[in-house]
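On a predicted model such as this, the values are computed, not experimentally measured, just so you know. Atoms within each ligand, like the ligands themselves, are counted from 1 in listed order.
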Amino acid sequence: MTTYDLSEKVAVITGASSGIGLAVARELHSHGMKLTLTARSEDRLAPIKKDLHATVLVGDITEPSLPRKLLDLAISTFGRCDVVLNNAGIIEVGTIDEINIDKVCEMVRVNVESAYRVAYTFVKYFMTQGSGHLINLSSILGTKVRPTAGAYAGTKFAIEALSEALRMEVAGTPVGVSCIEPGLVMTDLHRNWSVHPSAGMNIPHPLQPEDVARCVSFILSQPAHVKIPKLMILPSEHQV
Ligand SMILES: NC(=O)c1ccc[n+]([C@@H]2O[C@H](COP(=O)([O-])OP(=O)(O)OC[C@H]3O[C@@H](n4cnc5c(N)ncnc54)[C@H](OP(=O)(O)O)[C@@H]3O)[C@@H](O)[C@H]2O)c1
């Protein structure tokens, strides 16, 4: 069975300055893909741009015009866009007494509003182009909730709902929509936590960003008659 050849295809990755986004950028580069990357940290993106021969747009994903600018940059540089990894995200959790509602609302803007803008901007373009693949970063917390994490889980439930509806809308076309649901991944996401979830959840060996990156190339490498709407990946020590 012939699988989809990734070489020379063009991917846009949000949240590419660290963690999962950066690992996916490296993985897709190793398959010969061309990259347009975005995040806010210019200093972290500069060496990545050089290493991966990428084009970079530095900016805040909550800026409403950014998704269209990203797509335009990919098209003006490489002539097309084949994949978007909708990955930029933050996490805010806390008890009823302690949670910071302003930070929760900022999280909703990044994880939901901006992710929706990216999704619709690129899927509209993919439908016109007649090909393309949207991959959304959800979470195990897009499928269940935990005390103190209801707001974060809600942002990922929103991503699950959008992904499934879009999958239905593009069914029967060459356009793909997939959603990845990782458990705990060792990244900067929890850098400000007083107790890291690795200790709090008793997961001494969390996933590495490269584990999620392999899921992305697996999804993209399927033959045309196969679609992978959801892919959950958990550390082997994950219980609840
Ligand atoms: N780590 C986990 O355990 C885990 C599990 C399941 C799902 N996820 C999801 O995976 C995705 C990636 O997270 P990660 O774990 O790789 O965390 P990370 O290392 O903190 O990466 C987050 C990325 O998002 C970017 N970002 C955050 N806010 C932004 C903003 N306002 N504008 C533009 N870019 C912004 C960051 O770049 P700048 O700071 O440079 O802007 C960074 O590149 C998130 O959607 C997260 O919810 C993570």
Side-chain angles (χ1 to χ4, degrees), residues 12-27 35-49 54 56-67 69-70 84-93 103-119 135-146 149 151-160 162-163 178-193 196-201 203 205-213 215-216 230-235 237-238:
V12 169
I13 300 176
T14 72
S17 63
S18 69
I20 294 168
L22 174 54
V24 172
R26 290 196 173 120
E27 169 82 11
L35 303 171
T36 295
L37 309 176
T38 188
R40 291 165 303 179
S41 312
E42 193 165 8
D43 53 334
R44 283 192 290 174
L45 283 172
I48 300 167
K49 172 185 161 107
V56 160
L57 183 62
V58 176
D60 193 314
I61 198 72
T62 61
E63 160 55 45
S65 63
L66 197 103
K69 285 181 184 160
L70 264 179
V84 62
L85 185 78
N86 204 4
N87 165 76
I90 52 179
I91 189 166
E92 192 63 30
V93 301
K103 287 191 172 174
V104 165
C105 292
E106 183 195 339
M107 171 178 69
V108 171
R109 281 194 293 277
V110 176
N111 293 13
V112 182
E113 180 184 328
S114 305
Y116 281 13
R117 286 189 199 278
V118 168
I135 302 184
N136 290 325
L137 249 296
S138 176
S139 165
I140 175 83
L141 286 177
T143 70
K144 57 183 294 188
V145 301
R146 286 195 198 111
Y152 176 75
T155 68
K156 296 305 186 181
F157 272 63
I159 292 301
E160 296 275 339
L162 179 69
S163 302
S178 302
C179 190
I180 302 181
E181 300 160 335
L184 183 62
V185 190
M186 206 60 191
T187 68
D188 286 350
L189 193 71
H190 308 98
R191 62 185 169 279
N192 296 326
W193 289 34
H196 194 274
S198 172
M201 294 174 67
I203 302 177
H205 304 95
L207 299 170
Q208 297 301 313
E210 293 73 22
D211 298 321
V212 182
C215 293
V216 171
K230 294 182 186 198
L231 201 164
M232 183 180 286
I233 172 170
L234 300 176
E237 295 151 337
H238 181 102

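Looking from atom 3 (O) of ligand 1 to the surrounding protein, the closest heavy atom is V185 N, 2.8 Å. With respect to atom 7 (C) of ligand 1, the closest heavy atom belonging to the protein is S138 O, 3.1 Å. Taking atom 6 (C) of ligand 1 as the reference point, the nearest protein heavy-atom neighbour is P182 O, 3.3 Å. From the protein, the heavy atom lying nearest to atom 32 (N) of ligand 1 is I61 N, 2.8 Å. At the top of the distance list for atom 14 (P) of ligand 1, counting protein heavy atoms only, stands T187 OG1, 3.5 Å. The protein atom (non-hydrogen) at minimum distance from atom 47 (O) of ligand 1 is Y152 OH, 2.6 Å. Given atom 43 (O) of ligand 1, the protein heavy atom at minimum distance is S17 OG, 2.8 Å. Ranking protein heavy atoms by distance to atom 5 (C) of ligand 1, first place goes to G183 O, 3.3 Å.
When every heavy atom of V56 is checked against every heavy atom of L45, the shortest pair comes out as CG1-CD1, 3.8 Å. Heavy-atom minimum distance, P182 versus L137: CG-CD1, 3.8 Å. When all heavy atoms are compared, the tightest approach of G19 to P209 is O-CB, 3.6 Å. Across all non-hydrogen atoms, the minimal contact from A16 to L37 is CB-CB, 3.7 Å. Of all the heavy atoms in K156 and L141, the pair that sits closest is CB-O, 3.9 Å. Listed here is the closest heavy atom pair of C215 and I180: CB-CD1, 4.2 Å.
For ligand 1, one of its N or O atoms has an N or O atom of N87 under 3.5 Å away. Taking only nitrogen or oxygen atoms, main chain and side chain alike, R40 reaches within less than 3.5 Å of ligand 1. Of the polar atoms of S18, at least one N or O is found under 3.5 Å from an N or O of ligand 1, judged by distance alone.
Looking at H238 and I203, their side chains come closer than 4.5 Å, going by heavy atoms from C-beta outward.
Against a heavy-atom cut-off of under 4.0 Å, D60 is close to the following atoms of ligand 1: 30 (C), 31 (N), 32 (N). Each of the following atoms of ligand 1 lies closer than 4.0 Å to a heavy atom of R44: 38 (P), 39 (O), 40 (O). Set against the non-hydrogen atoms of G19, the atoms of ligand 1 under 4.0 Å away are 16 (O), 19 (O). Residue R191 has at least one heavy-atom neighbour below 4.0 Å for each of these atoms of ligand 1: 20 (O). Every atom of ligand 1 is numbered from 1 in the order shown, and the set under 4.0 Å from a heavy atom of L137 is 10 (O). Atoms of ligand 1 found under 4.0 Å from any heavy atom of L184, numbered from 1 in the order shown, are 3 (O). Within ligand 1, counting atoms from 1 as listed, the ones closer than 4.0 Å to a heavy atom of S41 are 38 (P), 39 (O), 40 (O). Listed by number with element, the atoms of ligand 1 under 4.0 Å from a non-hydrogen atom of I90 are 27 (C), 28 (N).
Side-chain atoms of D60 and T62 include a donor-acceptor pair closer than 3.5 Å. One side chain, S138 or E160, offers a donor N or O that lies under 3.5 Å from an acceptor on the other.
Residue contacts with ligand 1 for V110 involve side-chain atoms from C-beta outward but no N, CA, C or O (heavy atoms, distance under 4.0 Å). Contacts of S114 with ligand 1, taken as heavy-atom pairs under 4.0 Å, are absent altogether.
One finds no salt bridge joining K69 and E63 here, because no Lys/Arg side-chain nitrogen approaches an Asp/Glu carboxylate oxygen to under 4.0 Å. Taking the charged nitrogens against the carboxylate oxygens, R117 and E113 do have a contact shorter than 4.0 Å, which makes a salt bridge.
The shell of residues lying under 4.0 angstrom from ligand 1, judged by heavy atoms, excludes R109. Heavy atoms of M186 come nearer than 4.0 angstrom to ligand 1 in no pair at all. Residue contacts with ligand 1 leave out E181, since none of its heavy atoms falls under 4.0 Å from the ligand. The closest approach between any non-hydrogen atom of G59 and ligand 1 is below 4.0 Å.
No more than 12 heavy atoms of other residues, nucleotides or ligands shown are found within 6.0 angstrom of CD on E42. Atom NE2 of H196 sits in a crowded spot, with more than 12 heavy atoms from other residues, nucleotides or ligands closer than 6.0 Å.
Here the CG atom belonging to N136 is positioned 8.5 Å from the OG atom belonging to S178, to the nearest 0.5 angstrom.
Applying the side-chain contact (heavy atoms from CB on, under 4.5 Å) rule to T155 yields the partners M107, V108, N111, V112, Y152; only residues at least two apart in sequence or on another chain are considered.
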